[in-house]
There are 2 protein chains.
Amino acid sequence: MSTEAEPRLVEQWRAIQSAYLKTSNALDRELSARHGIGLNEFETLDLLAEHTSEKCRMKDLTADSPMTQSALSKIVDRLEKGGYVRRAACAEDRRSLFVELTDAGAKLHEEAAVTHRELLAANLQS
Amino acid sequence: MSTEAEPRLVEQWRAIQSAYLKTSNALDRELSARHGIGLNEFETLDLLAEHTSEKCRMKDLTADSPMTQSALSKIVDRLEKGGYVRRAACAEDRRSLFVELTDAGAKLHEEAAVTHRELLAANLQS
DNA sequence: GGACAGTACATGACACATCATTGGATGACA
DNA sequence: TGTCATCCAATGATGTGTCATGTACTGTCC
């Protein structure tokens with residue numbers, strides 16, 4: 001709240017902003033070039049890969065992702081069209097849908113994860 | 001490069017991502033609600049306000065902003081339509097355009113800057 | 001001074017995110 | 001059981017960003 005704190009906040013914000021934009025642009029560019037998916041697609045695959053033990057509903061994705069429900073629906077559309085993901089009916093609650101990685105999706109995720117980590121290493125100071 | 005460094009990188013990345021998205025969403029939302037401009041519009045006004053001593057060409061904006069030249073052209077369109085900014089011919093180089101804050105633009109910037117700092121304080125840990 | 005590469009900005013086509021809404025399923029309660 | 005509020009997911013309209021390109025001007029080099 002003090003007036004003197006403000007310049008530091010603005011600096012801190014610019015640092016975050018710059019780090020985020022630089023890194024996410026690099027990630028998006030390289031993931032697209034090497035694997036044909038954008039950053040948001042990759043992160044969705046990543047969520048699915050973490051959820052491997054339990055079935056993952058659309059609403060679980062929505063809960064764990066910063067993206068909108070609407071956006072996730074369209075991302076899953078694209079992933080499904082690419083054959084990386086499959087929507088499966090949910091017997092217990094017919095409003096819900098399970099989303100599962102296909103084998104191709106698991107493979108893609110594994111490969112793209114290498115690129116992902118590589119770029120984080122290159123763009124973030126450790 | 002070491003394998004052990006990777007989890008830390010991923011954590012660091014998620015922290016940046018989360019801080020950025022949370023803060024930029026809050027900024028965008030509040031700036032829109034209270035002042036009718038988005039975050040990128042505000043940051044463009046901010047650049048113009050800093051450049052106050054010298055005239056600012058479109059290309060200076062492009063150099064100082066993470067945005068694309070194309071995006072800036074459209075942002076300036078919107079700001080101009082709102083009466084916050086004015087494009088002025090540049091006699092020395094007729095390809096160039098000066099971009100100047102109008103009085104309304106300076107006033108808007110001043111007001112919005114308060115909101116901006118307030119939200120930074122609320123969203124960033126200091 | 002004429003040709004031409006390079007620069008400054010605008011614009012059109014396109015990608016993708018959000019918001020608002022819809023359709024269908026569920027659960028609670030009279 | 002019928003009604004109704006709520007929930008899950010998809011979809012259409014819209015806004016805004018990028019890329020590729022167009023238009024106009026500049027400066028250089030012959």
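A note on names: the letters A, B, ... follow the listed sequences, proteins ahead of strands, and every chain is numbered from 1.
Leu47(B) and Ser65(B) make their closest contact through CD1-CB, 3.9 Å (heavy atoms, listed as atom of the first residue, atom of the second, distance).
Atom CE of Met58(A) and atom C1' of dA25(C) are 17 Å apart (whole Å). Going from atom NZ of Lys55(B) over to atom P of dA8(C) covers 18 Å, rounded to whole Å. Following rounding to the nearest Å, Met67(B) (CE) and dC9(C) (P) show an atom-to-atom distance of 16 Å. To the nearest angstrom, P of dG17(D) lies 18 Å from CG of Leu39(A).
Taking 3.5 Å as the limit, the base of dG12(D) and the side chain of Lys74(A) contain a donor-acceptor pair of atoms between them. Below the 3.5 angstrom threshold, one finds no donor paired with an acceptor across the side chain of Ser73(A) and the base of dT11(D). Looking at Gln69(B), its side chain has no donor and acceptor atom pair within 3.5 Å of the base of dA8(C). Judged by distance alone with a 3.5 Å cut-off, no donor-acceptor contact links the side chain of Ser96(B) to the base of dT7(C). The base of dC7(D) is paired with the side chain of Arg95(A) by a donor and an acceptor separated by under 3.5 Å.
For dC7(D), the OP1/OP2 oxygens have no side-chain nitrogen or oxygen of Arg57(A) closer than 4.0 Å. Contact annotation: Asn40(B) side-chain N/O to dG17(D) OP1/OP2 distance is under 4.0 Å. Taking 4.0 angstrom as the limit, Arg87(A) places a side-chain polar atom (N or O) nearer than this to OP1 or OP2 of dA10(D). When the side-chain nitrogen and oxygen atoms of Arg94(B) are compared with OP1 and OP2 of dG27(D), none of them lie within a distance under 4.0 Å.
With salt bridges taken as basic N to acidic carboxylate O contacts below 4.0 Å, one links Arg57(A) and Asp60(A).
At the heavy-atom level, Thr68(A) lies under 4.0 Å from the strands shown only through sugar-phosphate atoms.
Aromatic pair Tyr20(B)/Trp13(B): centroids not less than 6.0 angstrom apart. Proximity of the aromatic rings of His109(A) and Phe42(A) is defined here by a centroid distance below 6.0 angstrom, and this criterion is met.
Partner of Glu100(A) under the side chain to side chain donor-acceptor pair (under 3.5 Å) criterion, chosen from Arg87(A), His51(A), Lys55(A): Lys55(A).
Nearest-nucleotide positions on DNA chain D place Ser70(A) closer to the 5' end than the other of Ser70(B) and Ser70(A).
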